[in-house]
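Chain letters run A, B, ... following the sequence lines, proteins first and then strands; every chain starts at 1.
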Number of protein chains: 2
Amino acid sequence: MSQGGQSQSGQSLLFLTDEQVRKGIEAMFFAYRGFTADPDRILQTKAYGRAHHRAVHFIHRSPGTTVNNLLNILGVTKQSLNRVLRTLIADGLVSSTVGRADKRERHLHLTDVGAALERELSNAQRDRMRSAYRRAGPEAVAGFREVLEAMMDEDMRHHYVAIKDRTD
Amino acid sequence: MSQGGQSQSGQSLLFLTDEQVRKGIEAMFFAYRGFTADPDRILQTKAYGRAHHRAVHFIHRSPGTTVNNLLNILGVTKQSLNRVLRTLIADGLVSSTVGRADKRERHLHLTDVGAALERELSNAQRDRMRSAYRRAGPEAVAGFREVLEAMMDEDMRHHYVAIKDRTD
DNA sequence: AACAATACGTCAGCTTTGTTGACATTCCAA
DNA sequence: TTGGAATGTCAACAAAGCTGACGTATTGTT
């Protein structure tokens, strides 16, 4: 099942050798570092962290979303998210309004200041993504997305597809 | 520069709209969670964390590597890495031997027990990667890798390519 | 031989971001 | 109407990153 044996099994399966797969793993590791590097640099100057970025991103993405919904998307505990939301609300980047139908829920929106931060972070991250896309070309990008989608957990793919459908 | 305007600019640039790029960003986020989910589950049962996984992975990858070299690859401080290495060495998963040529250096190797853990973690992560590769197909995989490489920081691409050359 | 630089380890203390546990409020269904 | 489920908040703790300071052994330079 290891290196040597598989190299003889024809070209169509070559890309599935352990070595090839492991290289994909490392590519994922190094690329994710680059992926977060630019926003991280910006956040550091503002006493916020990656968790704040994620919250701001998905609130921008789905305005009026509830805490619970955000929880499911981000995959963290509500206590962990709450700490982040608390500072964002205190700093006036996010507004939390009691639900009309269900008063237990809080609906989250970005304020103008919050939207400005979101844009700054997005732009930095998008620039890198865009330049990677340009260098790799459209077909590579299609493959990139296909593999990423196949790599997600079922439930997350659902979130991703839901989002995709809403805005495509 | 936003959604509406770009959709008219011809098919060859369509994939560069803000929306398309943002979707790539979210794909990256969700996929990375899937990417680490399986090893994380295993690690949790053994009182180790993702940091231990990374150390074990790269020691397996480059047997005999020095602490300093590992530091550069992982992009963390020596204090942070040291905490992890200390427990791995104490638990008998990693051996640290004084360098022959330069006695200041410590060369790191996995013990049999360490190699066994590495295999267990790798297998879990590779299984997911392999199945994603299968579902997406060879061309998608090539594109996947191209985009990831283009997304890395320069210095990290160097590490990645160096590794790639050694084993291809 | 003396001195600076390098490689590694460690201590102390702080930050971010994850966790569990306890609790208040609100809604809904028996 | 009352008890359970759901939503959200507060408190305390853990993992893993960080900076800064320092000690020791070794190497390289002058």
Between [atom2] of [N] and [atom1] of [X], the distance in whole Å:
X	N	atom1	atom2	result
A:L74	D:dG8	CG	P	13 Å
A:N69	D:dA6	CG	P	16 Å
A:R86	C:dG18	CZ	P	14 Å
A:K46	C:dT16	NZ	P	15 Å
A:H53	C:dT16	NE2	C1'	16 Å
B:H107	C:dC8	NE2	C1'	12 Å
B:E105	D:dG28	CD	C1'	14 Å

What residue pairs, at least two apart or across chains, pass side chain to side chain donor-acceptor pair (under 3.5 Å) with a residue in residues 32-44 of chain A?
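Every side chain to side chain donor-acceptor pair (under 3.5 Å) pair that includes a residue of residues 32-44 of chain A, provided the two are not neighbours, is A:T36-A:R50, A:D38-A:R41, A:D38-A:R128, A:D40-A:R50.
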Give me each pair satisfying side chain to side chain donor-acceptor pair (under 3.5 Å) with a member in residues 67-81 of chain A, each pair once, sequence neighbours excluded.
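Counting only pairs at least two positions apart or across chains, the side chain to side chain donor-acceptor pair (under 3.5 Å) contacts touching residues 67-81 of chain A are A:T65-A:N69.
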What side-chain donor-acceptor pairs closer than 3.5 Å can you find for residues 51-58 of chain A, not counting sequence neighbours?
{"residue": "A:H52", "atom": "ND1", "partner": "A:G49", "partner atom": "N", "Å": "2.9"}
{"residue": "A:H52", "atom": "NE2", "partner": "A:T87", "partner atom": "OG1", "Å": "3.3"}
{"residue": "A:H57", "atom": "NE2", "partner": "B:E26", "partner atom": "OE2", "Å": "2.7"}

Looking only at side-chain N and O atoms, does A:N82 come under 4.0 Å of OP1 or OP2 in D:dG8?
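False: A:N82 side-chain N/O out of range (4.0 Å or more) of D:dG8 OP1/OP2.
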To the nearest 0.5 Å, what is the distance between CZ on B:F29 and CE on A:M156?
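Here the interatomic distance stands at 8.0 Å.
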In degrees, rounded to 10°, what is the bend between the two ends of the helix from C:dA1-D:dT30 to C:dA30-D:dT1, using five pairs at each?
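Comparing the axis at each end, I get an angle of 10°.
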Summarise protein proximity over nucleotides 13-21 of chain D in one line of letters, 5' to 3': B for base, S for sugar-phosphate only, - for none, counting protein heavy atoms closer than 4.0 Å.
---BBBBBB
Could you run through nucleotides 24-30 of chain C and give me one letter per nucleotide, 5' to 3': B if any protein heavy atom sits under 4.0 Å from the base, S if only the sugar-phosphate is that close, - if neither?
--BS---
Identify, with sequence neighbours excluded, every residue that meets side chain to side chain donor-acceptor pair (under 3.5 Å) alongside [X].
X	result
A:D155	none
A:R83	none
B:Y48	B:D91
B:T66	none

Do B:N82 and B:R86 get their side chains close enough for a donor-acceptor pair, meaning under 3.5 Å?
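Their side chains do contain a donor-acceptor pair, which is all the 3.5 Å distance test asks for.
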Contacts of A:D102 that satisfy salt bridge (Lys or Arg N to Asp or Glu O under 4.0 Å) - sequence neighbours left out:
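Salt bridge (Lys or Arg N to Asp or Glu O under 4.0 Å) check on A:D102 returns A:R104.
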Residues that A:E120 engages under salt bridge (Lys or Arg N to Asp or Glu O under 4.0 Å), provided they are two or more places apart:
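Checked A:E120 against salt bridge (Lys or Arg N to Asp or Glu O under 4.0 Å); matches are A:K46.
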